[in-house]
Protein chains: 2
Amino acid sequence: MAAAAEAFMINGFAATSIDTVAEVLGCTKGRIYYQYKSKADLFFDVHREAMLMNLFAISNVAKGNASPLARLRKMIHAQVMVVITRLPFQRVSVQGVELHLSGSTTSKQREVLRTLMDLRDQYEKLFVDVIKEGIRIGELRPYDPNFVVKPLLGALNWMTYWYHPNRDETDQTRQQLADNMADVMLGGIIA
Amino acid sequence: MAAAAEAFMINGFAATSIDTVAEVLGCTKGRIYYQYKSKADLFFDVHREAMLMNLFAISNVAKGNASPLARLRKMIHAQVMVVITRLPFQRVSVQGVELHLSGSTTSKQREVLRTLMDLRDQYEKLFVDVIKEGIRIGELRPYDPNFVVKPLLGALNWMTYWYHPNRDETDQTRQQLADNMADVMLGGIIA
DNA sequence: GTCTATACTAGGATAGAC
DNA sequence: GTCTATCCTAGTATAGAC
């Protein structure tokens with residue numbers, strides 16, 4: 001799956017051949033077809049793995065008992081760290097959004113896609129709920145929570161396109177990046 | 001080009017066949033191959049058109065003589081309106097970011113891709129410059145302008161995935177959406 | 001200019017050896 | 001379980017009629 005994620009990251013789902021994935025893995029496609037019925041199934045598995053990473057990274061924080069604003073900050077921070085540390089999977093998960101727009105072939109695949117979208121909805125709902133609570137107690141401005149979550153997740157997802165790991169990066173600079181992202185998203189940029 | 005944009009929007013570049021584009025256009029692929037040497041060339045043309053729309057929409061505002069903050073607000077507003085009114089082209093332009101990651105075949109195509117990336121850089125620079133100026137005169141917080149532009153453009157680009165035109169939408173609700181986007185991106189969501 | 005017909009190939013998927 | 005060999009479809013691109 002890591003090999004597939006890497007291959008999909010570089011070329012995208014449609015342009016990646018199973019031969020390429022096999023090459024990254026260091027074997028032939030026989031091995032892959034032994035485990036996965038089709039290329040789509042492989043993609044779905046990578047996609048699910050990515051979504052589970054995300055849920056795992058933020059769900060404990062989301063349900064903690066810090067203030068909503070503090071939790072929201074931690075959630076953003078955690079998500080940035082996941083993107084940094086698991087970039088190939090995260091990029092696949094962003095590709096998944098696009099793929100879902102097009103119609104998948106078999107009805108079985110559509111069902112799988114359905115469960116993936118459910119995971120994505122769950123994930124988004126964790127943010128929405130914390131935002132709602134923050135608004136209720138007056139910590140956050142009273143925008144429509146279902147709206148404000150969009151630019152927020154957009155900024156996070158977009159990271160997969162511009163972030164590139166860097167040699168002279170330390171844990172400290174990574175934390176800094178995550179902090180800055182949270183600062184900008186929560187506090188805006190007006191002085 | 002509009003037909004191509006629509007087809008690419010629905011299925012993505014790789015999964016869209018020239019036959020499909022022809023069908024949307026209401027002709028056969030002979031006509032398309034008469035005008036475009038290859039599918040990639042068609043995509044590039046749509047992509048360029050989208051980038052030019054963006055530049056056209058914001059460049060006058062960006063170079064106006066209002067305060068940097070006021071200009072930035074207008075730029076965000078204008079870009080949201082472009083996404084709303086020209087969704088297929090805008091989605092293609094977002095796909096273009098991903099496509100550039102993978103290697104295109106011919107050297108000629110790589111050159112075209114290069115000019116497209118230049119357009120994108122110009123576009124980003126318009127934002128960065130206004131942000132820099134805003135920081136200099138103290139209207140904006142002193143974050144790294146090259147960083148803050150990323151979440152900003154991420155939020156805008158991501159719109160192409162969640163925005164869907166709606167029957168009971170009026171010019172007023174569209175303006176409202178653009179305003180809200182600018183509010184959230186500039187002022188944050190902390191109360 | 002746009003059509004129909006066709007060549008050509010990449011790549012998904014399967015069969016069967018080991 | 002993983003390989004090699006092969007089938008077969010989809011889809012890019014071209015040739016040539018009209």
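On a predicted model such as this, the values are computed, not experimentally measured, just so you know. Residue numbering restarts at 1 for every chain, and letters A, B, ... go by the order of the sequence lines.
- For Ile18(B) and dA5(C), the CD1 to P distance is 20 Å, given to the nearest whole Å.
- Mapping heavy-atom proximity under 4.0 Å, the span of DNA chain D touched by chain A runs 5' to 3' from dG1(D) to dT4(D).
- Residue contacts shown for Thr20(B) are absent, as no nucleic acid heavy atom lies under 4.0 Å away.
- Computed from coordinates, the Arg31(A) CZ to dA13(C) C1' distance equals 18 Å when rounded to whole Å.
- A donor-acceptor pair under 3.5 Å is absent between the side-chain atoms of Gln79(B) and the main chain of Leu156(B), judged by distance alone.
- A side-chain donor-acceptor contact under 3.5 Å links Lys39(B) to the backbone of Phe13(B).
- One interatomic measurement links the two molecules: CD of Glu23(A) to P of dG12(C), which rounds to 13 Å at whole-angstrom precision.
- Within the 3.5 Å criterion, the main-chain N or O of Ala62(A) finds a donor-acceptor partner in the side chain of Arg71(A).
- Formation of a donor-acceptor pair under 3.5 Å by the Lys132(A) side chain with backbone atoms of Phe127(A) is not found in this model.
- Between Tyr34(B) atom OH and dT4(C) atom P the separation is 18 Å, expressed in whole Å.
- For Gln109(B) and Asp41(B), the side-chain atoms include no donor-acceptor pair closer than 3.5 Å.
- With no hydrogens or angles considered, a side-chain donor-acceptor pair links Gln175(A) and His77(A) at under 3.5 Å.
- When heavy atoms are screened at a 4.0 angstrom cut-off, Thr28(B) is found touching base atoms of the nucleic acid.
- Rounded to whole Å, atom P of dT14(C) lies 8 Å from atom NZ of Lys37(A).
- Mapped onto DNA chain C by nearest heavy atom, Asp19(A) and Gly30(A) fall at different nucleotides, with Asp19(A) at the one closer to the 5' end.
- Atom pair Lys29(A):NZ and dT14(C):P shows a separation of 11 Å (rounding to whole Å applied).
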